Amino acid sequence: MPRYNPGRIEAKWQTYWEENQTFKTSEMPAGEKLYVLDMFPYPSGNGLHVGHPEGYTATDITCRFERMRGKSVLHPMGYDAFGLPAEEHAIKTNTPPRESTEKNIANFTRQLKMLGFSYDWSRCLATTDVGYFKWTQWIFLLLFDTWFDIEQNKGRPISELPIPEDVSAEGELAVAKYRDQHRLAYLDDALVNWCADLGTVLANEEVIDGRSERGNYPVKRIPLRQWMLRITAYADRLENDLEGVNWSDGIKKLQRDWIGRSAGAEVDFYIGEQDAYHDWKTGRAVTGFPDQIKNDTLRVYTTRPDTLYGATYMVIAPEHPAVENLVTAGQQEEVKAYCEKASFKSDRERTEDSKSKTGVFTGAYAINPVNGAKVPIWVADYVLISYGTGAIMAVPAHDERDYQFAKEYGIDIIAVVDPGERKGIDRGAVLAGQQCFHGAGVAINSGEYDGLQTADFKKTIREVLEVQGTGTSAVNYKLRDWLFSRQRFWGEPFPILHELDDEDNPTGIIRGVDEADLPVDLPPLEDYKPHGRPEPPLAKADDDWLYPVIDGKRYRRETNTMPQWAGSCWYYLRYIDPTNEDCFVNPEKEKAWMPVDLYIGGAEHAVLHLLYARFWHKVLYDRGHVTTVEPFQRLVNQGMILGEMEFSVYQDAAKDWVGVDKVSRDDEGRYRQEDGTEVLPVKLTEEKVTKQGDTFVLADDESIRVDARSFKMSKSRGNVINPDEIVENYGADSLRLYEMFMGPLTATKPWAMSGVNGVKGFLDRVWRMIVNDRAETLALNEMVFDIEADADALKILHKTIKAVTKDTENLDFNTAIARMMEFVNHFTKQQERPRSVMQSFVLLLAPYAPHIAEELWELLGAEETLAYEPWPEFDESFLIESTIEIPIQIKGKVKSRISVAADISKDDLQQAAQNDEKMQELLAGSEIVKVIVVPGRLVNFVTK
RNA sequence: GGCCGAGUGGCGGAAUUGGCAGACGCUCAGGAUUUAAAAUCCUGUGUCCGAUAGGACGUGCGGGUUCGAGUCCCGCCUCGGCUACCA
């Protein structure tokens, strides 16, 4: 009984916390608030992975620590529960996905509770809760009701959208259409992955190399009318507001790069009748640069308008609407075949081999507006229809891709930027068109602009084009509008109705479901199998659900569902007020608790989730529903946890060893030696391996190199660690402690079971330091006394308090644990352990290993939880040392040490160093050139 | 190909940011306790030379700055993550 028994203690305190609602958070914060959030998990059937508790333990330590420091802490947990695996399971077993989802949630909850996290479980939510997605739908309707005012740079109610006169003149339907075109949520044709053999539409991650992941059937990309969210309207704000937020530079950069803002110019090239070019150009000088182009014009986007004189050909994307119009009779067939082929290729395939470029000549020419030069127009799939204008002017001398293409097809390369003499650039080759140079330089071969610096040229030519009406400044983003619908069952239904006419055909009028009629719940289905049409499974619902009648008008419900990202875009707001039925969050509570002060999660969500959530937040902000510009003030990404270190080597057919340096992997994934013979990988145990220099080799044969590395945990590799097992064998406190002790929170680190045993050993020692483990019943160790702590004990204690406090504040949990270990190493050697010192230590340990801490706290005399005990304060006066040891160096190498008074003066320190016996010896006969004295640190003699 | 991060003992990792490299833990070895084992406790554990005392070398590699570099600068190498023709 008195041995440390985590199983008993952990169950006891988990029950205590639950029964006493120890971590229930008040509706409104009292005093300083702290909102600490974990990225909520997808409740997969596999249960928790050891990667999950890494971040969760980090946030839990922070929360328990800050509660003891008196803050009002909000620390919730929930589930991102819509997702494909549940739907696949539903199809296979013909059970509603909700069933398996709820089972998995129950399992996750059990596992999370088993780890002793101090969540306020009364706030737990799942994105699949009808009461939750009611408000997800409500926010969608808000997006549907919002247009983006470019002048004010904010989202406004659609009712305030100015309607142009010519539109309102066309009548109500035209006005409705105009509004629909401007909403943040709008319908557009987008390509989906249609797999005819499976009779369903597939998500991108279900498509591998143009074939279905399941069954390996061909997948074709077909256009389908789908919901889009106008996130690009917020691109600049999403980029600029990163400045005010405490995230790592790495993540900020990732987001900036994803948004990918580029500033350049749109330029019009004439593609009409040759003779009319002059008229076109003079006409443009009058009309200016038009919003919409006619089919005598090809519009391109470029970031390098200073290279216009170097444009030796044009490229349009295969899907460009001008292809048909441009292609000459002779090239008709070739171009058609090329475009057809491109349509079967996914974006992935197109970009797979980015070295070799393909394309075909259309037979047509465009006229360069700066010099009237005739430029051939090609179709090539290295130009994407979805970026810029889907057409480019190609400047092979100064663009890597154009250069490759021009080389491939023998197109002229004219240098128009002189790089000058610089490192790594062969100027002669660039000028001769034999090397591509994409930096800034001085203009050449550019008529009247020769001699201009790139930056000046850009500015000048933009002004000239503007005046001519042939060009204008333009900004583009890599970020595209967000494709927001999925052809799936297990997602939030859109609260949208399509009006039908008397013949049940859509009139084109769409409306939102009235707020009073929310939520739109998922209909029950006979089965969840795909129905074989490129249309969502909700189309199989009963007519009752599918065709509502309102005010005598018949409608068809939208049958797409929202993507998994939807629910995770705003869950952090719902936690603040999880059961509110009148409002997605009470405004006063929102104001009191927001923003999230610390958000911890995996780097896999560094871009999309965070970008999407920030976008929704900004829309909510513009419409006055939240008070902060950004939702997540501080973001930390935990590192990945890899499997245990593995040693491997190869064996040939004769079972002879083959070193890893002699083997490579072929296209089929088989391992081969240089001569082509196949070898098989063999796993080795640690004792078969030894280190030689930088590499590992076989202990029996040191000429054979062994591979030593840790791999990502995966089912197929069989190196997944299950938290249940760890808790069973070592206890939750050991798991928590080990996850934190492995290394810095943000680092990638390999799992080592022996390390778990190590921290268990530490908790055992903590236990024995305070508990008499040989007694029959639970009793204090007889070395714990109610005595005044002496100076030595206080010094160790306060040193520990200081270090643990600072490290915990900085999320340096690994070193905080090391300091606690030092404390325990010291006091287990002491025959007298003051009770007050033990109590303070238990409080320091509590955020890290809360169960054992509560048990010891109780044993040391407390009647209730330590969760709200004040955090120990350290007193600097106990830390002052009277004497310190100072190293003495000669030319930077430590030669001796002396013990001196801590407050010794610089001169005295130097004198003391010089008087040191050993230094006398070493310095004899050499000339002291210089002495460096750093008080409290060191003395360094520079000698000749 | 691009971007980001990281290379320190047999392993995971420390190092007040330019000031005693290797804290803490694991592993391994030796010892104590035990009839024995487990558990526990103690000692040692970067490499090389040396019985010892001690000495030399050491933070991926090559240079540099400095009295002094794991830390700063220049040039490489290796590994990991993300990303993929964005004109």
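In the text below, chain A, chain B and the rest are named by the order of the sequence lines, each starting its count at 1. In this text, all values refer to a predicted model and were calculated from it rather than measured experimentally.
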Anything under 30° is parallel, anything over 60° is perpendicular, the rest tilted; go ahead and classify A:Tyr409 against A:Trp378. tilted
So which nucleotide does B:C57 pair with, by the Watson-Crick or G-U wobble rule with both distances under 3.5 Å? B:G46
In whole Å, I'd like the distance from the CD1 atom of A:Ile641 to the P atom of B:G81. 16 Å
All N/O contacts under 3.5 Å from nucleotides 74-79 of chain B to the protein, with atom names and distances to one decimal?
none

What pairs of nitrogen or oxygen atoms, one from the protein and one from nucleotides 2-7 of chain B, lie under 3.5 Å apart?
unit_1 : atom_1 : unit_2   : atom_2 : d
B:C3   : O2'    : A:Lys253 : NZ     : 3.4

Figure out the CG/P separation between A:Asn476 and B:A87, and round it to whole Å. 8 Å
Residue list, side-chain contact (heavy atoms from CB on, under 4.5 Å) with A:His438, at least two apart or on another chain: A:Glu400
Please verify the inter-ring angle class for A:Phe437 with A:His398; under 30° counts as parallel, over 60° as perpendicular, anything in between as tilted. perpendicular
Residues forming a side-chain contact (heavy atoms from CB on, under 4.5 Å) with A:Thr748, sequence neighbours excluded: A:Met640, A:Leu642
A:Ile259 CD1 to B:C82 P, in whole Å, measures 20 Å
Closest to the A:Lys712 side chain, choosing from B:C85, B:C82, B:U83: B:C82
Taking only residues two or more places apart in sequence, or in another chain, which ones meet A:Trp247 in a ring-ring contact (aromatic ring centres under 6.0 Å, His included)? none
In whole angstrom, give the distance that lies between atom CG of A:Asp812 and atom C1' of B:A23. 14 Å
Treating primed atoms plus P, OP1 and OP2 as sugar-phosphate and everything else as base, which nucleotides of nucleotides 53-72 of chain B get B, S or - for protein heavy atoms under 4.0 Å? --SS---S------B-----
Residues passing the salt bridge (Lys or Arg N to Asp or Glu O under 4.0 Å) test with A:Asp402, sequence neighbours excluded, are none
For the pair made of CD1 in A:Ile817 and P in B:G25, what is the distance, rounded to whole Å? 12 Å
Which part of the nucleic acid, if any, lies within reach of A:Gly758 when heavy atoms closer than 4.0 Å are counted: base, sugar-phosphate only, or nothing? sugar-phosphate
Measure CG/A:Leu909 against P/B:G19 and give the value in whole Å, please. 17 Å
Taking only the P atom of each, what is the distance from B:G25 to B:U35 in whole angstrom? 30 Å
With sequence neighbours excluded, tell me which residues meet side-chain contact (heavy atoms from CB on, under 4.5 Å) with A:Val824. A:Phe762, A:Arg765, A:Val766, A:Met769, A:Thr828, A:Phe841
Can you tabulate the close N/O pairs, meaning under 3.5 Å, that link protein atoms to atoms of nucleotides 33-43 of chain B?
unit_1 : atom_1 : unit_2   : atom_2 : d
B:U40  : O3'    : A:Arg768 : NH2    : 3.2
B:C41  : OP1    : A:Arg768 : NH2    : 3.4

Please report the distance separating the C1' of B:G55 from the corresponding atom of B:G18, rounded so that it comes out in whole Å. 27 Å
Is it the case that atom NZ in A:Lys799 sees more than 12 heavy atoms from other parts of the structure closer than 6.0 Å? no
In terms of relative ring orientation, are A:Phe457 and A:Tyr309 parallel, tilted or perpendicular, with 30° and 60° separating the classes? tilted
When the distance from OH of A:Tyr313 to C1' of B:A87 is rounded to whole Å, what number comes out? 11 Å
If we call it a pair only when both distances are under 3.5 Å in a Watson-Crick or G-U wobble match, what pairs with B:C3? B:G81
Listed by chain and number, what are the side-chain contact (heavy atoms from CB on, under 4.5 Å) partners of A:Asn814, not counting sequence neighbours? A:Pro744, A:Asp812
For atom CZ of A:Arg480, decide whether the heavy atoms of other residues, nucleotides or ligands shown that lie under 6.0 angstrom number more than 12. yes
C1' atom, B:U59 versus B:G70: distance in rounded Å? 5 Å
Strictly under 3.5 Å: I want the nitrogen or oxygen pairs between protein and nucleotides 12-14 of chain B, one per line.
unit_1 : atom_1 : unit_2   : atom_2 : d
B:G12  : O2'    : A:Met742 : O      : 2.7
B:A14  : OP1    : A:Asn814 : ND2    : 3.1

Please name all residues satisfying side-chain hydrogen bond (donor to acceptor under 3.5 Å, both in side chains) with A:Lys478, sequence neighbours left out, ordered by chain then number. none
Rounded distance (Å) that lies between atom C1' of B:C24 and atom CE of A:Met820: 12 Å
